[in-house]
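Report on the following structure.
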There are 2 protein chains.
Amino acid sequence: MSVDSSPGMSSATADDIRRAALRLFATGGYEATTMREIAAAVGIRAASLYNHFGSKEDILWDLTSTALEDLNSESEASMATLSPDATPTEKLLTFVRAHIAYHAKNGEQATLVNMQMGGLSKSHHRKSVALRDRYESRLRSIMQEGVAAGVFHVPDERVASFAILQMGIAVSGWYRPEGNLSVPQLCDVYEILANRMVAA
Amino acid sequence: MSVDSSPGMSSATADDIRRAALRLFATGGYEATTMREIAAAVGIRAASLYNHFGSKEDILWDLTSTALEDLNSESEASMATLSPDATPTEKLLTFVRAHIAYHAKNGEQATLVNMQMGGLSKSHHRKSVALRDRYESRLRSIMQEGVAAGVFHVPDERVASFAILQMGIAVSGWYRPEGNLSVPQLCDVYEILANRMVAA
DNA sequence: GTCTATATATCGATAGAC
DNA sequence: GTCTATCGATATATAGAC
């Protein structure tokens, strides 16, 4: 079978399909996007898409799993640069920088994950939720550690974590690289906001 | 014509349809929801829906416009309780309380507005964006006033406004009244977070 | 690996009886 | 105002020639 729907390996056309589908899914929604539209954006016919992906849902799953794995691996790579005795504040700000940078640089992927996961099969949906939970729990742990150490003072750990996560996720909806804020500058802004939120 | 799609007046069945459609649109998405599903949830056949609404998009528009008008009117009503010489901080915290309360109490409506506006016709979409912009600009004005008065110190007015808005919108995605936080308690939490975000 | 042609299903919406 | 029956369009997906 030549349906290389497994994330990781990719022919040239499969990547073209990924790019086109990602844009269409993120802007118009998964259900509202047709295989004919994806094919037209790539310059082939709808039937030819099935040489590269087994189904429309396979494309969505490919894009979603890749996005979530990228998010997790970039976050973990950032955290790995910290020394073992880093303070909760250092951990929080490092997490936030990676969080903001990802959502600024990968707006379409983030939009897909945040709005189109409902199109996944039940099995793929479960796996996606697990990947997302793994990501979010990392911030929760940092928050709990900071509160336990007495350096964070938040009215509610869970709510504060959600608030920090979500204000970053929203970046994917409006940030444009052509604007007057570079990604590092944007990270600086959110570092300040997050730091204030946990410090009395 | 008996298609009472105009928000405001309503027969018993039309409200049943609104409730069912809101739930289905918010949980499964507008495009993925069929007229037959809505009808089944109400206990009638799909064809009978057209005695109450002219089209599927009419239902979405009814729900969306009502949600956005409720959001605006509740926000404006809250702001109207302030004295004319209220400080920027008082204005901000009042806005945030109404913002959080709405998104905690109207999770499905907020989810609809935030994720399903793409299903609207171009004309209805424009009107919805205008209503949403009117709401968001109110916070922007408060933010600018506080910065101009020297009581708010934010690295970026626009980013800070988005961050406050979005951390509140996210409440609609996870808050459940059965949980261990009442709406007033939740508002207290976000009041603190918002206040910290603007104060150095 | 792309194409044309088509199978099969389901969609939103309408017609007309009751 | 609900129903059954159905239209016309379009969706995903497949078959098979090239």
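Taking atom CZ of residue Arg36(B) and atom P of nucleotide dA9(C), one finds them 14 Å apart after rounding to whole Å. We find that CD1 of Ile17(B) is positioned 10 Å from P of dG1(D), with the value rounded to whole Å. Taking atom OH on Tyr50(A) and atom P on dA7(C), their separation rounds to 17 Å, with Å as the unit. The separation between Leu49(B) atom CG and dC3(D) atom C1' is 13 Å, rounded to whole Å. Computed from coordinates, the Leu60(B) CG to dG12(C) C1' distance equals 14 Å when rounded to whole Å. Following rounding to the nearest Å, Ile59(A) (CD1) and dA13(D) (C1') show an atom-to-atom distance of 12 Å. With rounding to whole Å, Met35(B) atom CE is found 6 Å from dA13(C) atom P. Residue Arg45(B) contributes atom CZ, which lies 15 Å from atom P of dT6(D) at whole-angstrom precision.
Heavy atoms of Thr34(B) sit under 4.0 angstrom from primed sugar atoms or phosphate atoms, though from no base atom. Residue contacts for Ala46(B): at a heavy-atom cut-off of 4.0 Å it reaches no nucleic acid atom on any strand shown.
The local environment of CZ in Arg140(A) is crowded, with over 12 non-hydrogen atoms from other residues, nucleotides or ligands closer than 6.0 Å.
Considering every non-hydrogen atom in both Ser161(B) and Leu139(B), the closest pair reads O-CD2, 3.5 Å.
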Working for side chain to side chain donor-acceptor pair (under 3.5 Å), residues Arg97(B) and Ser78(B): CA-CA 9 Å; Arg97(B) 284 198 85 84; Ser78(B) 281; over 6 Å; no
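Using bins of under 30°, 30° to 60° and over 60° for the plane-to-plane angle, the ring pair Tyr30(B)/Phe25(B) lands in the perpendicular bin.
For dC3(C), the OP1/OP2 oxygens have a side-chain nitrogen or oxygen of Ser48(A) closer than 4.0 Å.
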